[in-house]
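Heads up: the structure comes next, in structure tokens.
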2 protein chains.
Amino acid sequence: MTQQSNPRTTYRHGDLRRALIAAGTELAREGGPDAVVLREVTRRAGVTPNAAYRHFADKSALLWAVSLAAQSRLAAAMEEEQSAIDDDDGARLGNVGLARAKLRAVGAGYLRFAQTEPGLFRTAFANHIDLRDAAIEDSAGPHGRTPFQLLSDALDALVDAGVLPVDRRPGAEFVAWSAVHGLAMLVIDGPLRGLDADQRLSAAGRLLEMVEKGI
Amino acid sequence: MTQQSNPRTTYRHGDLRRALIAAGTELAREGGPDAVVLREVTRRAGVTPNAAYRHFADKSALLWAVSLAAQSRLAAAMEEEQSAIDDDDGARLGNVGLARAKLRAVGAGYLRFAQTEPGLFRTAFANHIDLRDAAIEDSAGPHGRTPFQLLSDALDALVDAGVLPVDRRPGAEFVAWSAVHGLAMLVIDGPLRGLDADQRLSAAGRLLEMVEKGI
DNA sequence: AGATAAAAGTAAACAGTGTCAACAATTGTG
DNA sequence: CACAATTGTTGACACTGTTTACTTTTATCT
């Protein structure tokens, strides 16, 4: 499985940069950021190790690109969770209920992705990711919004609906994000790894409840 | 700085296991879990690389031991933060105020340690740390309580003081822990690395407020 | 006290890693 | 069509974790 299937016939690869990111993403999916090792990535792309240096300055530059890809998938998971609401019971909940549900969906999508794709999730937040990266197109989901932007949007909607006071808006993303991120990390990688599915679910629900109440 | 000062004269080291953990802890302090590399650890202990295998099955076994040491220091930081209250204004706050302050101190100590010793903090929660490790003596602080136990104690006190309903007690450590842990991770390692001291402090205060309110 | 077994350190080697410098094939451009 | 830039390759280097075999010291048992 380490050899690529079509051993390229042309000298040039054609789209190596993309291929490297794809292979790196696959490795990250299987084993997290530490599993994306340069030589294996190039091996999977059917190319010599040093070929990577024509497209990335560094291993860490490659990892950074993979990180953006992982964030993009996270955004997709969050959007998916959001779109599950407004189809069915859009009008049933009031304006405020819907705003609340959207924020909750952001958190639920975040947590679901972390547990469904722990390798990618850990890679998304590995090594020197910056808040400025939240504005980079490569880390956006299907609708062109990054995970951080999706959270911001949800919080803005909460203000518009009159649920969240305007003066509590600034900095709100930090605490909401922290809560959800912490649970995700503890559950997939940390000391709460031992929790079974039920416990995880109830902890997740309880946490989102805390965010709604205490934000 | 890589060579040790007293190049041991005896064939036996005498206390190599401890020395390896100490050197590993120092490396972790400087550069996090990835910086604790077996060969450098043995180098600092003035011993051959393979000597480590007489005391640890693995590199990861060594890292695990270092992890416990890091947790112990975290516990110390938390206790320190707690002891800063009951000295001065112990009686001024009521029973409930004091219970609240103690929980807040747990979180504040956690966050302070994460920012003061990011390398150790990351090491404390690296690679396969389990909840069961929270019962191991080596990870306890000066008063013999591990970080997790300190949190549990604070929550119990909150119940005793009548602040936290008994039926909300189970699982409370998970959400409280998650919130604080998430902020710590985002700030020292993640996308919130860019925040300056003021922003961090206000985010921390806001977060602890959320935990109190929403737990 | 002396043989002998266990414990603790050393030596040499191996596969695997990231990266650098020099070289070769391909493609684009004047 | 010459020639320069781009893209891959080769070979090497220092470094890592780990294994296997060996040596030196310490503890144990009669």
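Reminder, nothing fancy here: chain letters follow the sequence lines and each chain counts from 1.
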statement: The nucleotide from dT18(D), dG18(C), dT10(C) with an atom nearest the side chain of Thr48(B) is dT10(C)

query: Taking only residues two or more places apart in sequence, or in another chain, which ones meet Glu80(B) in a side-chain hydrogen bond (donor to acceptor under 3.5 Å, both in side chains)?
result: none

Val37(B) side chain, from C-beta outward: closest of dG17(D), dG8(D), dT19(C): dG17(D)

Ser60(B) versus Asp58(B), side-chain donor and acceptor atoms under 3.5 Å: yes

task: State which residues pass side-chain hydrogen bond (donor to acceptor under 3.5 Å, both in side chains) with Arg169(B); sequence neighbours excluded, sorted by chain then number.
output: Asp156(B), Glu173(B)

- request: May I ask you to check whether Asp133(A) and Trp64(A) show a side-chain donor-acceptor distance below 3.5 Å?
  value: yes

task: Determine the minimum heavy-atom distance between Thr146(A) and Ser139(A), stating which atoms define it.
output: CG2-OG, 3.4 Å

query: To the nearest angstrom, how far is Asp58(B) atom CG from dT19(D) atom P?
result: 8 Å

- prompt: Atom CZ of Arg8(B) and atom C1' of dT24(D): how far apart are they, to the nearest Å?
  reply: 12 Å

Restricting both atoms to N or O, compile the protein contacts to nucleotides 22-28 of chain C shorter than 3.5 Å, with distance only.
unit_1	atom_1	unit_2	atom_2	d
dT26(C)	O2	Arg12(A)	NH1	3.0

field: Rounded interatomic separation in angstrom, taking NE2 from His55(B) and C1' from dG9(C)
entry: 8 Å

- prompt: Relative to the 5' end of DNA chain C, which residue comes earlier, Pro49(B) or Lys59(A), by the nucleotide with the nearest heavy atom?
  reply: Pro49(B)

task: Side chain of Arg43(A) only, please: which of dT19(C), dG17(D), dT17(C) is the nearest?
output: dT17(C)

Taking distance alone, no hydrogens or angles, what donor-acceptor pairs closer than 3.5 Å link side-chain atoms of residues 175-188 of chain B to residues at least two apart or in another chain?
unit_1	atom_1	unit_2	atom_2	d
Trp177(B)	NE1	Tyr110(B)	OH	2.9
Ser178(B)	OG	Phe174(B)	O	2.7
His181(B)	ND1	Tyr110(B)	OH	2.8

message: Tell me whether Arg100(A) contacts the main-chain N or O of Leu158(A) through its side chain, where contact means a donor paired with an acceptor under 3.5 Å.
response: no

query: Are any non-hydrogen side-chain atoms of Thr48(B) and Thr42(B) less than 4.5 angstrom apart?
result: no

field: Atom pair distance, as rounded to whole Å: CG in Leu27(B) and P in dG17(D)
entry: 11 Å

statement: Separation of dC15(D) atom P from Glu40(B) atom CD, nearest Å, is 11 Å

query: What is the distance, rounded to the nearest whole Å, between atom OH of Tyr53(B) and atom P of dA11(C)?
result: 17 Å

Using residues 20-38 of chain A as the side-chain source, report each donor-acceptor pair under 3.5 Å to any protein atom, sequence neighbours left out, with the distance given to one decimal.
unit_1	atom_1	unit_2	atom_2	d
Thr25(A)	OG1	Ile21(A)	O	2.7
Arg29(A)	NH1	Glu117(A)	OE1	3.4
Arg29(A)	NH1	Glu117(A)	OE2	2.9

Could you go over nucleotides 12-14 of chain C and give all protein N or O partners under 3.5 Å, atom names and distances?
unit_1	atom_1	unit_2	atom_2	d
dA12(C)	N6	Asn50(B)	ND2	2.9

- request: Write down the distance between CG (Asp34(B)) and P (dG17(D)), rounded to a whole number of angstrom.
  value: 11 Å

- prompt: To the nearest angstrom, how far is Arg44(B) atom CZ from dT16(D) atom C1'?
  reply: 16 Å

